[in-house]
Each structure stands twice: as C-alpha cells, then as structure tokens.
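This report refers to the structure that appears directly beneath it.
These values consider heavy atoms only, across backbone and side chains, with no hydrogens, waters or symmetry-generated copies.
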Amino acid sequence: MSQEEITLIGSIDRIIYEQPETGFLIASFCEEQGKHAITIKGTIFNVSEEDLIQIKGNWENHRIYGKQLAVKEFMPVLPSSSIGIERYLVSEIPGIGRTTAKRIVKKFGEDTFRVIDESPDDLLEVRRFNKKQLKELLEVWEEKRAEREIITFLHQIGLSPSQTHKVSKHYGLSTIPLIKQNPYQLTELSGIGFLTADQIARELGFDTNSSERAIAGLLYLLKQVSSDGHTCYPRQLLLEKASKDLDIPSDLAESALQQLLQDRLVKSKVITFNEQTGMEMIAHPRLYYAEIKIAEHLYRILKSEAYTEFEDPEPLIASMEYKMKITLDPVQKEAVMEALKHKVLIITGGPGTGKTTIIRFILELVSSEIPTVALAAPTGRASKRLLETTGRKASTIHRLLGASKQGFQKNRDEPIEQELVIIDETSMIDTPLMQSLLDAIPSEARLILVGDVDQLPSVGPGAVLLNLIQSEVIPVVRLETIFRQAANSLITVNAHNVRKGNLLHIERPLPEKLLDFYFLREAEPEKIVSKIVTMATERIPKRFGFDPKTEVQVLTPMHRGVTGSINLNKQLQSTLNPSTEQVAHKDWVFKLGDKVIQQQNSYEKEVFNGDVGIITGCDSKTKLLYVAFDSNEVKYEADELEQLSLAYAISVHKSQGSEYPAVILPLTTHHYVMLQRNLLYTALTRGKKLVVLVGMENAVKMAIENASPSLRYTMLQSEFQQIWQETSLFSQEEDWEEELWEES
C-alpha cells in the first residue's frame, strides 16, 4: 500500500477491540462527510463511540481483514455542525440531556462552543438552564479543553500516541506546566529516555547547559553503565563521560553530581579496585545497597550455627562412595568435605570436571540428615537441566522466592524453609537477584554456589561469582580434571583449550565417522549466513537426526550486522516456518510455530528473561500471541510483544544456563568488539552433542588471545572483605546479627 500519510476527520462508529490500559484499539471509523466506514487501528485513548477525532496514518492491506488505516497520530476535535454539537453536549457533559442540548443548539447554533468559551453566562438565557448546570458544564468544559491541549502539546513536542497516553495518565492536568518547567522529568517514565527528553528540551528552548540537563544526563549515564554490567563507576570517568558523550561542561557536571549526592539520588564510596586504592565510585542507591546487603547476608550465614552438623565426614563419604559405586578424585572429595564443614561453599569448574557428580553425591550423602533441600538456577532451562541431571525437584530462583507482580514473597521476614540450598549456574546471577536470594535464606541454612567462573558474567549488573571468589573469604573448590568420558569429546577438549588460551584441536572429518566438533572456514559474512542456514535446516537434521527448530540453536556474538541475531533469525524463519498466520510488531514478524525468547522478567506471567517457547496461537487483528513455555501457555497482548524476540538465533549472552543438542556459532573479525575468550568458551560449552563453528581462523585466534574479560566496576569484593574484617572484631553478643540487618 501507499506510504503517503493521509488525514481524516470523523468519529468512532464501533469499537471492535480495545486495550484501555494502553489505548490501543481497532475500530470502525466514519468520516464526517463519508458514507462508508473504514477500519482503523492504533493508540487512540479516552475516545468513545461517536466522538469526533482527527486521525493521521497510512493505509495497510491485511491479508484477512483487508484495507485498514494504521493510525500514527490522533487529535480530539470539536464538532462544527449543529447535530454534532448537540450529540457532543449529550455524550460529554453530565446533567445535559437531549432536550436541554436541543434548546442550547437551537438558540446558539454553530456558535455554541464560542459562547461557552467567551460568554458562558449567555447560556442562562436558555429556557430551564440554571446556574448549577452552568457550573457543571464549565468544569467539564475546562477539563476537556485541558485534555485536548495536553494531547496537542505532546504531539507537537514529538511524543508518539502511546507515549502521549503514558505521560498524560501519569501527570494529569499538570502535564504541560511540569514539562515546560523541566522536560527531563519525563525520564521518570519507562519508555522515555534521556535522549528523547533532551530533544524535547531543545524544542522548548531549554539551555543546553542547564542544571536540569546535567542532572538527568548523569543519571542516564549511570543507567547506561549498569546495562553494561557495572554496579558503580569511577567518579572521574563518569564526569569525563558526561563531557565527551553529552557535551556537558566539566564544572556543570561536577555541580550536578554534587546536587545528586546531596539529594541522595546517587551514592559515593572510596574503595580499592583492582589494587588501585582510593578510587571514588558513584552508584545508583539500589545497586549500592544491594552489594552491601550481599556482603552482610553472607557474613550472617557464615557466622551462624548450622541446623545440622557433620562431626566426622570421612566415614560418611567412604560409605556413600561404596553405595553409589563411584570413587571421587581428591578434588571432588575435597569439595564434598568442604560442603559438610562450611556453611557456604563455592564450587567452580568447566564442562566434564564433575560438578554434577558432586551435586548428586552431596544430595545422597545428606538425604538422611537434611530432609529439606532446595535446588535452583537462574533460568527455566538451567533449572530443568538440574532436574534432569540430579533426578531431584529443581526450580528457578524466582520461583523459589515466590516471585509475583508484587515482588518476591520470600524474604527475611518470610524465609525459605529449606536447610540446604544449592544454586547452579551462579555466574549468571546478577547483583539484585543475589541480594534477594540471600535475603530469604535463613541464617542456620547451608548454601552451595555452583558455577563456571570462566563463562561470561551475568547479563544484569555485577560480577557476583567472580567477586566472591576474589574476596578469598568463602571457601572455593576449583575442579580442573577432565574425566575420561568427557575427555573423549572434542567439545570438552576445545572448551578447556580455549579457557587455557590454547588453539582449537580440529580433526579432519571422515565420511564414516561423526564428530561432535567441526570448524567450517569462511570469510564472507553472506556466505557464512548461507552455510549456517543450510547446516541448521538441512545437513545437521539429516546427518545427526536433530530437530532443526527445537534441537539446533544458532548462537552469535552480536545482534546487528549480517551475521547478527536479527538477520540470522529472519533468514532461518523464512526457511523453517512457512506459516501465513502471523503478527507484525516493529522489526519482527511473529508466525504461528515460531521459536521465541522472553526478553525480560515477567512475574505476572511467570516467565523470565531467557525462557524459550513456541508460538501456539496468534490473532493478527488484535495482535494477540500465545506462547508455550514447557507446559505453561502464556498470553501476550499487543503492547507486551516487545517482551519477545525470535529465538532461532540468539546472542551468546542469552544462551547462558542453557544446553542444546547442537550449536552453530559464526565467528568473524566483524565481531572484533565481542571477540573475547570467555565469550567463545561460553558458546562452546552450550553444545551438548555437536558444535559447528563457521568463520575465520583469525577471529578464533583473536578471541582466544583476548583473555581480559570486559572490566566490570563493582564494590562487592571490597564490601565483603571490609565487613569481614570489621565484624570479625565484634564481640559475640546476641545483638550482633541484628546490627547487620539495620538499613544501610
């Protein structure tokens, strides 16, 4: 259809579908002078049937519903005809019935609205129209006028209809003066960032060197660095970033930071970081206190007596080895001993080093002494894998903590009841989630944190597992030995080669022998994509028998670019899914049967960031989707589709905690920003039975040689070491624990 925008004036004849919370609707629309109704869809809020509005949009041709207008802007307008004015008075003004409206229009005709605006007392000349009615009319009239002015104003400053709805709902009748006073207040609302507010401020004539801009800019930068994994940021670097990225003069940035500190909107602390003493860090209060609380909770658990003590664990271990018909190697035995001796233990190691064996052994060993055990992991996939490998009930951390729309139900006041808590894939846990988890663990419980510290850190802010290991306060057992069965796997061998900085071991493929690791050399990105599509949809399913949709997973270092997840998803979708039942949303087209991934935590839906499901139902008219996650089917409204993305190809970061029968990974020098040893290591360890690497030898070499993971500024290691040193000097009085619980 034509992309030319058209403008129409008319009224809603019939609302077909509506989402009052978001303003999205599908309706039958009649032009003011038109005879036939058309179908419109878009964000149009606070509008009733027969209300006159002006709409602007583009024609679309839907394969089922035909020609319809996608509305990009709308504006309530006052009717100009006598009949329209009469209808408006009846429908919009309480206390005015059809008879009174007819009398008013009969006397003033098409000048009715001008009379209300300029000389409202003239309405008292209308028969049986009294002062009380006039007062009520004027109150509603002013409110309606204000609503029209707000919508007009917000459209003029460039906000979309959905943003307009959000802003007007939040600020109400005070919208215009508040925004004119400080447009940067808009950043308080989700979906409206600093850059949008900054553009609006410029259009309103705000000084680019205003203190309001500097304050909002610093908060924006702190939010940006937290999305890069930092829980805090060096003061000097933050000020330099404000000057370089946002063009804020250094003296203005300094005074803005002082104001933020004074208003307690940010926190400051001098710590030692990477052997650099006296570094002043700036942090958002939520992350600042979260790291303090993690340190305090761990100290509380470590220093408390356990429910159950194991006096002499060696005979118990020997007896369990005989019962399970296995022999632990010295490091594995050390891990079990430490788990029985200490309240908190960290077990870290790569694939094939026996982490699962130790978990199973500990579970069997303590089963007669500790009746209540909690097994959990950060994602649904990781918890499902934990269940499969141990045979014990496992859940996500969110489910363990009773996640709901109101937050976590389990906390210090309502702790979890299990005496032993084992958490797998701990490297994935970010700072806020770790704080919530520890908050709910009773002091007498035992905690075992299992994870691979050489993998990528959490997607969210923090480097919790690494920081706790580096603190040297908690006992740590590192598993290094690759056991015989795992040693026969090229996936395992190459994962450990990468971890140690060695080159990949590549065997020449033979027709009669199936390997579990292949490297296909290719330099051109377009040819890499073509090979990936062929491998994922034809060659791997045919040769290895894997289902191309559910058992073959393409991983990639980046989202953008030819070999990024966006393009790969589109190419794979077009080959794997011919369905014509679909819903379009921004850059994506979601089809019935598509594999999709949840992009954020949704406590209400009980699906979490990284969960993968299959679309089982869709309605292109209402933009409803139904997605099956394991046995749970979840409904998504039109405004919730941003939570989803296609999952034929996902980022390596998103794959953490998951394991797939077959993995395909493109790696080229175009990915140079992301070519890091821990990224390649994480990708290789996601493949259970097959890994196919497609790309350039030089890119692989660059990744292996780049041993320095992206630096994350955090305060947790410093906080934990400090609290351990300081509180170790406390007298062992009964109130020491309560002192730690005091709000920082």
How far apart are the C-alpha atoms of Gln598 and Gln643, what are their side-chain angles, what is the distance that settles it, and do they pass the side-chain contact (heavy atoms from CB on, under 4.5 Å) test? CA-CA 6 Å; Gln598 176 77 8; Gln643 297 180 27; 2.9 Å; yes

Can Ser404 and Gln409 be counted as having a side-chain donor-acceptor contact under 3.5 angstrom? yes

Side chain to side chain contact (heavy atoms under 4.5 Å, CB included) partners of Lys410, counting only residues at least two apart: Leu401, Ile416, Ala440

Under a 3.5 Å threshold, yes or no: a donor from one side chain and an acceptor from the other, between Arg300 and Ser443? yes

Salt bridge between Arg392 and Glu364, side-chain N to carboxylate O under 4.0 Å? yes

Which residue pairs pass the salt bridge (charged side-chain N to carboxylate O under 4.0 Å, His left out) test when at least one of the two sits in residues 459-483, sequence neighbours left out? Asp454-Arg478, Arg478-Glu480, Glu480-Arg499

Would you sort out whether Ile397 and Ile423 count as a side-chain contact (heavy atoms from CB on, under 4.5 Å), showing the intermediate values? CA-CA 8 Å; Ile397 295 173; Ile423 305 296; 4.0 Å; yes

Are the side chain of His230 and the backbone of Tyr713 linked by a donor-acceptor contact shorter than 3.5 Å? yes

Can you name the nearest heavy-atom pair linking Pro378 to Thr396, along with the distance? O-CB, 4.5 Å

Do the side chains of Lys701 and Glu705 get close enough for a salt bridge, i.e. N-O under 4.0 angstrom? yes

When every non-hydrogen atom of Val554 is compared with those of Ala536, the smallest separation belongs to CG2-CB, 4.5 Å

Under a 3.5 Å cutoff, is there a donor and acceptor pairing between the side chains of Thr308 and Glu419? yes

Any donor-acceptor N or O pair under 3.5 Å, side chains Glu444, Ser304: no

Any side-chain to backbone donor/acceptor pair from Ser427 onto Val453? Under 3.5 Å, distance only. no

Any side-chain to backbone donor/acceptor pair from Asn706 onto Leu675? Under 3.5 Å, distance only. yes

Is it the case that the side chain of His496 and the backbone of Pro351 share a donor-acceptor pair, with hydrogens and angles ignored and the cut-off at 3.5 Å? yes

Indicate yes or no for a side-chain donor-acceptor contact from Glu338 to the backbone of Val477 under 3.5 Å, with no hydrogens or angles considered. no

I'd like to know if the side chain of Arg446 reaches the main chain of His342, judged simply by a donor and an acceptor atom lying under 3.5 Å from each other, with no hydrogens or angles considered. yes

How close do Ala699 and Leu667 get, counting heavy atoms only, and between which atoms? CB-O, 3.7 Å

Would you say Gln418's side chain and Val373's backbone share a donor-acceptor pair under 3.5 angstrom? no

Under 3.5 Å: donor-acceptor pair, side chain of Gln656, backbone of His653: yes

Treating Thr389 as the side-chain partner and Leu386 as the backbone partner, does any N or O pair qualify as donor plus acceptor under 3.5 Å? yes

Cut-off 3.5 Å, side chains only: do Ser436 and Asp439 have a donor facing an acceptor? no

Short N-O contact, Glu425 and Arg385, less than 4.0 angstrom: yes

Keeping Lys595 on the side-chain end and Lys549 on the backbone end, is there a donor-acceptor pair under 3.5 Å? yes

Would you call the rings of Phe546 and Phe544 parallel, tilted or perpendicular, taking 30° and 60° as the class edges? parallel

